[in-house]
There are 4 protein chains.
Amino acid sequence: MNDGNEATGQAVVSRRKDARRNQETLLNAAATVFVASGVNAPVRDIAAKAGVGVGTIYRHFPTRADLVIAVYRHQVDACAEAGPALLATGLSPHAALGQWIDLFVDFLVTKHGLAAVLRSDNSDFEALRAYFLDRLVPVCAELLEAAAVAGEIRPGIDAYELMRGVGNLCIGADSDPRYDARHMVELLIAGLRGPHR
Amino acid sequence: MNDGNEATGQAVVSRRKDARRNQETLLNAAATVFVASGVNAPVRDIAAKAGVGVGTIYRHFPTRADLVIAVYRHQVDACAEAGPALLATGLSPHAALGQWIDLFVDFLVTKHGLAAVLRSDNSDFEALRAYFLDRLVPVCAELLEAAAVAGEIRPGIDAYELMRGVGNLCIGADSDPRYDARHMVELLIAGLRGPHR
Amino acid sequence: MNDGNEATGQAVVSRRKDARRNQETLLNAAATVFVASGVNAPVRDIAAKAGVGVGTIYRHFPTRADLVIAVYRHQVDACAEAGPALLATGLSPHAALGQWIDLFVDFLVTKHGLAAVLRSDNSDFEALRAYFLDRLVPVCAELLEAAAVAGEIRPGIDAYELMRGVGNLCIGADSDPRYDARHMVELLIAGLRGPHR
Amino acid sequence: MNDGNEATGQAVVSRRKDARRNQETLLNAAATVFVASGVNAPVRDIAAKAGVGVGTIYRHFPTRADLVIAVYRHQVDACAEAGPALLATGLSPHAALGQWIDLFVDFLVTKHGLAAVLRSDNSDFEALRAYFLDRLVPVCAELLEAAAVAGEIRPGIDAYELMRGVGNLCIGADSDPRYDARHMVELLIAGLRGPHR
DNA sequence: GATGAATGAGAATTCATTCAT
DNA sequence: AATGAATGAATTCTCATTCAT
């Protein structure tokens with residue numbers, strides 16, 4: 001990858017041109033710190049990790065929720081887009097739902113503390129929660145509907161509630177070797193099938 | 001229990017009574033504040049509610065986890081004792097399990113923020129988590145075993161994991177009108193039945 | 001004044017008993033810092049001067065205005081009480097007014113920056129301003145009324161306006177050798193006499 | 001106005017015109033912001049209002065005082081020139097003085113916070129203060145001298161002190177409906193007449 | 001010359017914890 | 001044993017100022 005800048009390396013990168021790259025650096029640093037210390041890590045820690053001043057973070061992301069959203073936006077979007085794609089593959093709707101939930105779980109359990117901030121008893125991160133739900137609940141609803149129409153699951157399951165449940169099951173999953181969120185999610189999804197008796 | 005002693009003995013006894021009553025006051029205050037502001041409420045708030053100095057709280061409960069444990073010990077114990085009792089009623093093991101889980105859920109969802117501190121990605125409250133699990137996991141294991149032996153549920157379910165799962169499902173359940181933890185727990189328990197295919 | 005504490009001196013003074021003395025220390029420190037750096041001096045500077053932690057200041061004086069009021073309350077009160085006293089001495093009302101204004105000016109010009117925070121284009125310190133005015137305007141009004149009744153000054157002078165005017169004239173008087181607020185105040189008071197022609 | 005020059009000349013001229021216009025834009029923006037938020041408004045606010053970068057402001061006006069001076073220079077100059085003009089109208093010297101002071105007061109009270117920065121207990125704005133005084137004190141002195149010679153006012157009044165006094169009386173006059181600086185200035189000027197007794 | 005991203009010092013404020021009385 | 005005053009670390013956020021482009 002020759003960027004025509006061997007001598008100085010990447011230390012003296014352009015400011016203006018690199019606004020985007022800089023932002024990328026910031027997001028990577030934030031992601032790393034979030035994994036290590038959770039999404040409530042001190043702003044200063046993130047700044048230090050990114051090698052920038054705290055002011056830079058505030059410039060780009062006025063609130064913490066802005067930063068967290070930015071960090072995870074791409075992955076949330078990818079997850080959202082995967083839903084219709086799975087449904088279009090010819091899998092049974094229930095199988096598609098299961099695989100989609102797996103993607104969501106994969107995403108959450110690899111982000112230390114992310115699932116925890118999605119819990120609603122937390123007045124910060126309202127915007128973050130809203131973003132997640134706005135993106136993903138409709139997708140989940142579509143999958144649930146398809147599975148219900150196919151008679152594979154009991155009807156009347158609320159997509160929001162299910163997303164919250166799955167999200168909750170993922171809390172702390174990365175830091176407890178005795179707890180495997182996937183097992184529990186598998187039970188939950190299995191429970192969708194059974195008649196309510 | 002010989003309390004027919006002299007003046008000094010009397011004093012000792014009443015001092016003890018006072019101490020006990022004082023501690024009771026403290027626990028009630030803490031419980032109230034925990035409900036209102038979560039288990040991370042400022043120590044000073046709890047002290048104020050109890051009408052004591054902060055030093056008094058630290059004397060009785062050196063760490064916050066100690067206090068939280070003390071606040072909920074009675075209820076945890078009651079829940080633990082309900083397990084064998086339910087099994088002895090003649091209910092089917094699976095029904096007993098379901099009712100017992102309901103008791104546990106009732107307990108958690110009425111305690112603002114309690115479920116949240118049970119999550120394992122939280123190095124404080126380790127002792128609290130340990131207490132909960134020490135008391136309840138064996139009971140849950142017993143119920144699961146009985147249900148498995150009766151062929152009512154799939155075998156191989158880990159009691160610890162299930163308790164964690166149920167606990168997680170209860171996080172934030174008190175502050176989100178769109179999320180009913182009981183629905184999700186019901187799904188989870190229903191999922192226990194299905195064959196693991 | 002034997003306080004039975006010769007050996008240790010005043011270094012190891014009692015905490016509780018000295019709440020008051022401690023507060024005094026705080027107020028003295030604040031007064032000193034206010035003189036040196038104005039009433040907007042950093043809280044930390046005041047704390048350092050007093051030899052206490054910043055938390056101590058916040059405990060005693062939650063807002064800056066609280067602190068400033070406390071620092072000057074005694075002197076404001078003394079000034080307020082001097083008004084009726086002067087009127088009762090048998091001086092002519094105008095002379096009494098003049099002397100009372102002199103007291104007020106003496107107070108202000110010796111407090112670096114105090115007069116400046118009394119200016120109304122300052123949304124902080126509203127409480128401070130209110131305290132000053134509540135205490136002093138009625139006294140001033142009484143003196144003005146007496147002088148007007150005696151025919152010594154033109155009628156219709158508003159006490160609030162006059163206090164603000166005198167206060168304003170004192171701004172910066174301590175730091176400008178070429179400006180003597182007393183001269184200007186003397187002109188202002190002299191101007192009260194003349195008919196408005 | 002020969003603009004029939006070559007390409008480069010044209011460019012130079014318009015560059016100069018641009019520079020001047022740019023500066024004008026800057027000063028107008030600053031004046032507007034000063035009125036709205038006082039002369040200590042954040043530099044960024046001024047830059048935003050002017051539609052330029054903050055660097056541009058620093059280039060033209062290295063210190064804040066430089067900017068404030070530039071903003072008000074025209075008006076100060078106009079005020080200075082009005083003194084001799086008033087004296088030449090045939091008005092009595094005292095009347096001329098009164099009208100001139102009125103002009104000065106008009107200027108100050110319409111500039112939010114301007115009077116406040118003229119106070120001498122403020123090490124920033126030293127240059128600004130100096131500019132004001134250099135321009136206006138001699139004019140005031142001339143008017144005072146004329147009035148004293150005419151026997152209309154007591155002698156020995158220091159022009160600097162009077163200017164400072166009038167300036168002080170104007171502080172905060174724009175934000176306090178109960179305080180009318182003009183009333184107080186009128187008293188002050190009236191006080192000039194009376195014998196010093 | 002203009003730009004505005006980046007910097008980082010500085011100030012406010014909270015609250016867990018200690019400890020003299 | 002109880003008290004609560006004191007401490008000060010930790011954190012957030014702002015804004016003047018610099019400087020690469």
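Letters A, B, ... are given to chains in the order of the sequence lines, protein chains preceding strands, and every chain is numbered from 1. Hydrogens, waters and symmetry mates are skipped; everything else that's a heavy atom, side chains included, is used.
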Within this structure, what is the [atom1]-to-[atom2] distance between [X] and [N], rounded to whole angstrom?
{"X": "I46(B)", "N": "dA16(E)", "atom1": "CD1", "atom2": "P", "answer": "8 Å"}
{"X": "R64(D)", "N": "dT17(F)", "atom1": "CZ", "atom2": "P", "answer": "8 Å"}
{"X": "I57(A)", "N": "dT14(F)", "atom1": "CD1", "atom2": "P", "answer": "14 Å"}
{"X": "F61(D)", "N": "dA16(F)", "atom1": "CZ", "atom2": "P", "answer": "16 Å"}
{"X": "Y58(D)", "N": "dT7(E)", "atom1": "OH", "atom2": "C1'", "answer": "13 Å"}
{"X": "N40(D)", "N": "dT14(F)", "atom1": "CG", "atom2": "P", "answer": "18 Å"}
{"X": "K49(D)", "N": "dG4(E)", "atom1": "NZ", "atom2": "P", "answer": "17 Å"}
{"X": "H60(B)", "N": "dA2(F)", "atom1": "NE2", "atom2": "C1'", "answer": "8 Å"}

Tell me which one of N28(C), V39(C), V43(C), I46(C) satisfies side chain to side chain contact (heavy atoms under 4.5 Å, CB included) with V33(C). I46(C)
Counting distance only, does the side-chain N/O of R73(B) pair as donor-acceptor with the main-chain N or O of Y131(B) below 3.5 Å? no
Does dT3(E) have OP1 or OP2 sitting under 4.0 Å from an N or O in the side chain of T56(D)? yes
Considering Watson-Crick and G-U wobble pairs with both distances under 3.5 Å, what does dT7(F) pair with? dA16(E)
Pairing nucleotide - dT21(F), Watson-Crick or G-U, each distance under 3.5 Å: dA2(E)
Within a strict 4.5 Å, meaning less than it, do heavy atoms of the L67(A) and H60(A) side chains meet? no
With heavy-atom distances below 4.5 Å as the criterion, would you say the side chains of N40(D) and R64(D) are in contact? yes
Quick check for you: among [options], whose closest atom lies nearest to any side-chain atom of [X]?
{"X": "V52(A)", "options": "dA9(F), dC13(F), dT7(E)", "answer": "dT7(E)"}
{"X": "P42(D)", "options": "dA9(E), dA16(F), dT3(E)", "answer": "dA16(F)"}
{"X": "R59(C)", "options": "dA6(F), dA16(F), dT17(E)", "answer": "dA6(F)"}
{"X": "N22(A)", "options": "dA5(E), dT3(E), dA6(E)", "answer": "dA6(E)"}

Can you work out whether G55(A) or V54(C) has the more 5'-proximal nearest nucleotide on DNA chain E? G55(A)
For DNA chain E, whose closest nucleotide is more 5', that of P62(B) or that of G51(A)? G51(A)
Side-chain donor-acceptor contact under 3.5 Å, N22(A) with T25(A): no
R44(D) vs R44(B), nearer the 5' end of DNA chain F by closest nucleotide: R44(B)
